[in-house]
Structure formats: structure tokens, C-alpha cells
Engineer: 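Have a look at this one before I ask anything.
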Amino acid sequence: MNKQEILIAAGNYIKKGFTGETTGHDFYHIQRVVKTARKIASEENADLFLVELAAWLHDVGDYKLHDGMDKSEELISEFLFELNLPKETISKIIEIVSQVSFSKGNAPTSLEAKIVQDADRLDALGAIGLARTFAYGGSKQREIYNPENPEETSIQHFYDKLLKLKGLMNTNSAKKIAEERHQFLEEFLERFYEEWES
Ligand code: NI
């Protein structure tokens with residue numbers, strides 16, 4: 001298989017596993033991360049193949065959580081081994097994926113990991129990030145907003161996570177996109193409170 005065929009196989013593998021997911025980590029989230037990562041990678045002169053493959057696989061551990069255990073390393077090895085990828089490439093992909101997650105809090109060590117992390121975080125911003133926040137909140141039984149008890153609401157998630165993302169971008173290309181999407185979220189919140197109180 002050439003690189004192009006490997007990337008197509010990865011896309012198909014993810015489509016099979018993630019279609020119909022409703023928590024915001026669906027196939028289209030991953031597809032958008034791939035597109036954004038590819039765009040940033042070409043601006044930042046990174047390895048396009050590694051970036052795109054890691055982007056396809058960055059959430060693989062999420063859809064088959066076995067007793068709360070992250071199986072991404074195992075699943076990625078299994079999948080890429082079957083495609084006859086060299087061991088070094090498989091290790092690189094596993095390393096990139098392990099450094100992407102917000103909750104694991106690992107700092108990315110390669111340009112490729114920085115880019116996939118940026119692309120994943122960018123998808124939490126803007127109109128799509130906004131929609132994903134409420135979808136995810138609903139899946140966790142969170143209220144949209146509750147002025148008497150705001151802590152556990154989806155609106156609170158903007159302050160806990162989304163509005164901090166702009167300051168956490170690794171690459172300049174991502175910073176530019178984040179700036180604009182962040183602005184949109186600020187405007188949304190302003191309007192939200194305005195309607196709430198009118
Ligand atoms: Ni993701």
C-alpha cells in the first residue's frame with residue numbers, strides 16, 4: 001500500500017467505528033481535525049503523512065473504552081501492523097496520539113503532535129465547537145445554563161475549557177484561526193446573557 005492508500009484505509013476504519021456517535025466525538029469531528037491538521041501541516045512544513053494519519057487515529061481510544069481503560073495504543077498498533085507499516089512509523093503515530101489529548105495533559109514534543117493537538121482544539125472553538133459543547137453536555141445530563149447553580153452547566157464549560165484554548169495553541173497558523181473562533185464564542189456568550197435577561 002502506498003501512503004495515499006494507507007490514509008484512505010485509516011479514514012474507512014474510523015468511519016466504521018465512529019458513525020452515529022452522539023457525544024461530539026463523531027466521524028465528522030475526526031474528518032474536520034484531519035482537514036485542519038493537513039492545512040496547518042502544509043503551512044508549517046511538517047510531515048504531511050504522519051500528521052494526517054495521526055489525526056485520523058487521534059480519538060481511536062475513545063470509542064472502545066474497556067472498563068475506562070484507554071486502548072488507543074493497542075488499537076493503533078493492531079490496525080497499522082496489518083497495513084504493514086514499518087515499526088518506527090507505528091511508534092511515531094502512537095507517540096503523536098498519546099500527546100494530543102487535553103485530559104492527559106501531555107506536552108507535545110514533535111511538530112507533528114503540536115499540529116494534531118492544535119487541530120483537535122480548534123474543533124472545540126467557533127460555531128461547531130459551540131454545537132459540540134451542548135451536545136456533549138446533554139450526553140452528560142448537563143443543563144444548558146442555570147444562574148442559581150452555574151457550575152455544572154454547558155455554559156460553564158466555555159469558561160473552564162473553550163475560552164482557554166486560544167492561549168494554548170502551539171503553532172502560529174492555529175493561533176490565527178483560534179483568534180477568530182474565540183471572538184465568535186465571546187459574541188455568542190454576550191448575546192446569550194442578553195436574551196436570558198431580556
Ligand atoms: Ni478529537
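All ligand and atom numbering here is 1-based and tracks the order in the structure.
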Engineer: Tell me which N, O or S atom of Asp120 sits nearest to the Ni ion (ligand 1).
Structural biologist: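 The Asp120 atom nearest to the Ni ion (ligand 1), restricting to N, O or S, is OD1.
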Engineer: Quick check for you: to the nearest 0.5 Å, what is the distance between Lys92 atom NZ and Asp47 atom CG?
Structural biologist: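 Rounded to the nearest 0.5 Å, the NZ-CG separation comes to 7.0 Å.
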Engineer: Which N, O or S atom name in Asp59 marks its closest approach to the Ni ion (ligand 1)?
Structural biologist: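 When I compare the N, O and S atoms of Asp59, OD2 is nearest to the Ni ion (ligand 1).
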Engineer: I'd like the atom name of the N/O/S atom in His29 lying closest to the Ni ion (ligand 1).
Structural biologist: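 For His29, the N/O/S atom sitting closest to the Ni ion (ligand 1) is NE2.
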Engineer: Who pairs with Glu44 by side-chain hydrogen bond (donor to acceptor under 3.5 Å, both in side chains), at least two apart in sequence or on another chain?
Structural biologist: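 Once residues adjacent in sequence are excluded, the partners of Glu44 under the side-chain hydrogen bond (donor to acceptor under 3.5 Å, both in side chains) criterion are Ser173.
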Engineer: Does any N, O or S atom of Asp123, backbone or side chain, fall under 2.8 Å from the Ni ion (ligand 1)?
Structural biologist: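 Checking the Ni ion (ligand 1) against Asp123, no N, O or S atom falls under 2.8 Å.
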Engineer: Closest heavy-atom contact between Ile115 and Ala46?
Structural biologist: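 Closest pair (atom of Ile115, atom of Ala46, distance): CD1-CB, 3.4 Å.
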Engineer: Is a donor on one side and an acceptor on the other found under 3.5 Å between the side chain of Asp118 and the backbone of Asn170?
Structural biologist: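 Pair found, side chain donor or acceptor close to backbone of Asn170.
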